[in-house]
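Report on the following structure.
Order of the sequence lines sets the chain letters (A, B, ...), proteins ahead of strands, with each chain counted from 1.
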Protein chains: 2
Amino acid sequence: MNPITLYVVDDYLLTRISHRRYFAQDESIKLIGDFSCARDCFEQMEKMPADVILMEIDLPKMNGIEATRYLKEMYPKAKVIIYTSQKNEQRVLASLACGACGYVLKNNSDIDLKKIIKMVAHGEFCMDLEVAKSAFSSIPIPDTKDLENLYENRKLKNSLTARELQVLKLLIDGKTNSQIAREIIVSTNTAKAHVGSILTKLSVTDRVQAAVKAVRANLF
Amino acid sequence: MNPITLYVVDDYLLTRISHRRYFAQDESIKLIGDFSCARDCFEQMEKMPADVILMEIDLPKMNGIEATRYLKEMYPKAKVIIYTSQKNEQRVLASLACGACGYVLKNNSDIDLKKIIKMVAHGEFCMDLEVAKSAFSSIPIPDTKDLENLYENRKLKNSLTARELQVLKLLIDGKTNSQIAREIIVSTNTAKAHVGSILTKLSVTDRVQAAVKAVRANLF
DNA sequence: CTAAAATTTGTCCAATCGGGTAATATACAA
DNA sequence: TTGTATATTACCCGATTGGACAAATTTTAG
């Protein structure tokens, strides 16, 4: 089995040196380069792409999240692991959205970075449990009893007709009844009627509540 | 080091048998019980809590996601790994919200379940990369350049005064101007004025758009 | 084919909304 | 101390909204 090739991007020299030591006597992971900024890493990736990139977020010029997005776009097979000291929820979510395959905290002496790198290289996604907790805390707990309608968007969607869904989407865009009417080429009265039945079906009393309910249910 | 204790919950007998074999000759992971339904697992947990529970989702009576929520409530230290064959996005999100520490696909011959169990027991969060991709696909990619305002909810929040935020929250609940006025004990005119400046600051033209923008930005 | 559901349009009316303009009071910072 | 931002209230007006009721046409499903 070929060793896993690894790049490290971290602007702090001592961190890079410590990484070099840490991976030096390892057979299965080969640290083939370390960089103080994203651009240097990109250049090297062109010449010799690595399997895994260990990425700090706080970097000069281009930050690690942006760099992750770029790397995933250019090298979809490359695995980026965020390795930083903050577990800011926004940053975690942004990292996940940008395609990071892991998020590990520096100030966690307890973890085995090598094992995580191997797991990620092997097709797993890994995070510190602590990070996962804070990142997933914003996911609402659904009605766990009904597996088919966990987040009830299907229930909602199913209760509305195709036309009503179309109208609801426009309603969410903030359109008035007459604007909606113009868009779907019916009379204002018709648009009003559709909105009316949407309100009834969603059991709300006005379009604001309807819009919020739909957005919260992730209908659009 | 003590071996990791493990329970398996899966209603399919052959799966349980195959697990027994799989973990039989392992020193570091001790499979100390397997159950065909959640209730049996709960009973046993009372007598002897396990470190890790491997949980199918599709179970008779109580499903695995509900069971996960229950277990995390009763035994916060226990680690639940969802082990199932579907990667339905809703189910993944629900599992994460309910505190699962992992989500592994059955039909992935390539993975090393033992390694994952060890990682999870050790305080990591693990998922198949495939699962992660589908689950995180709904997270919007933020403005990656501005680390401080990744999801611009802070930007939004900062531009509004405390009073306006209070009004915005009520607006999102679908309250009318006069209802808002009653709640914060001011005149209807005042409430109207606040709503007006909210609309201006969010650069939208009506309260529906304001509500949607606020909800989308995860302001509430 | 037939019954049910969805789509369409209309009218009336009271309530609500958003914009504009303006004035007063207060608190906080330069 | 002197602004600048915030909070408060008021009035007017046209546009929009939601409820209620009624009815025609089209589509869909049994």
Side-chain angles (χ1 to χ4, degrees), chain A residues 148-149 152-217 219-220, chain B residues 148-149 152-217 219-220:
Chain A
E148 300 314 311
N149 298 302
E152 73 168 323
N153 55 4
R154 196 149 314 152
K155 212 189 309 182
L156 259 187
K157 211 170 223 163
N158 285 340
S159 73
L160 297 178
T161 68
R163 198 57 153 174
E164 284 160 356
L165 277 173
Q166 191 185 10
V167 171
L168 180 52
K169 190 191 159 351
L170 297 171
L171 189 158
I172 288 173
D173 291 340
K175 308 250 157 108
T176 69
N177 290 335
S178 48
Q179 284 174 320
I180 293 172
R182 266 197 294 282
E183 286 225 26
I184 65 175
I185 320 187
V186 293
S187 79
T188 305
N189 292 311
T190 306
K192 236 180 97 172
H194 287 311
V195 170
S197 47
I198 290 171
L199 299 187
T200 306
K201 287 188 181 175
L202 301 192
S203 38
V204 294
T205 57
D206 67 70
R207 53 177 56 221
V208 176
Q209 290 171 39
V212 170
K213 194 160 198 169
V215 171
R216 287 234 166 94
L219 267 190
F220 298 103
Chain B
E148 300 315 311
N149 298 302
E152 77 167 318
N153 56 3
R154 196 149 312 150
K155 212 186 312 182
L156 258 186
K157 211 171 224 161
N158 284 341
S159 73
L160 297 179
T161 69
R163 199 57 153 172
E164 284 160 356
L165 275 173
Q166 191 185 11
V167 171
L168 181 52
K169 190 190 157 355
L170 296 170
L171 189 158
I172 287 172
D173 292 340
K175 308 251 158 104
T176 67
N177 289 337
S178 49
Q179 285 174 320
I180 293 172
R182 268 196 295 281
E183 287 224 27
I184 65 175
I185 320 188
V186 293
S187 80
T188 305
N189 292 312
T190 306
K192 236 181 97 172
H194 287 312
V195 170
S197 47
I198 290 172
L199 298 188
T200 305
K201 287 187 181 177
L202 301 193
S203 37
V204 294
T205 56
D206 67 71
R207 53 177 57 220
V208 176
Q209 290 171 39
V212 169
K213 193 158 197 168
V215 171
R216 286 233 167 96
L219 267 190
F220 297 103

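Relative to the side chain of A:Ser187, the nucleotides D:dA10, D:dT16, C:dG10 differ in distance, and C:dG10 lies closest.
Side-chain contact annotation: A:Gln166 with A:Arg163, donor-acceptor N/O pair under 3.5 Å present.
Between the CG atom of A:Asn177 and the P atom of C:dC17 there is a distance of 14 Å, given to the nearest Å. For the pair B:Asn189 CG and C:dG18 P, the computed distance is 14 Å after rounding to whole Å.
Between B:Thr161 and D:dA7 there is a side-chain N or O to OP1 or OP2 distance below 4.0 Å. Between A:His194 and C:dT7, a side-chain N or O to OP1/OP2 separation shorter than 4.0 Å is absent.
In terms of modelled atom types and a separation under 3.5 Å, the side chain of A:Asn177 and the main chain of A:Ile180 share no donor-acceptor contact.
In the region residues 199-207 of chain A, proximity to DNA chain C at under 4.0 angstrom, judged on heavy atoms, holds for none of the residues.
Atom-to-atom distance recorded for B:Lys157:NZ and B:Glu164:CD is 14.5 Å, nearest 0.5 angstrom.
Between the side chain of B:Lys192 and the base of C:dG19 there is at least one donor-acceptor pair of N/O atoms closer than 3.5 Å.
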N/O contacts under 3.5 Å, protein versus nucleotides 22-30 of chain C?
none

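Positionally, the nearest nucleotide of DNA chain D for B:Ser159 lies more toward the 5' end than for the other of A:Thr176 and B:Ser159.
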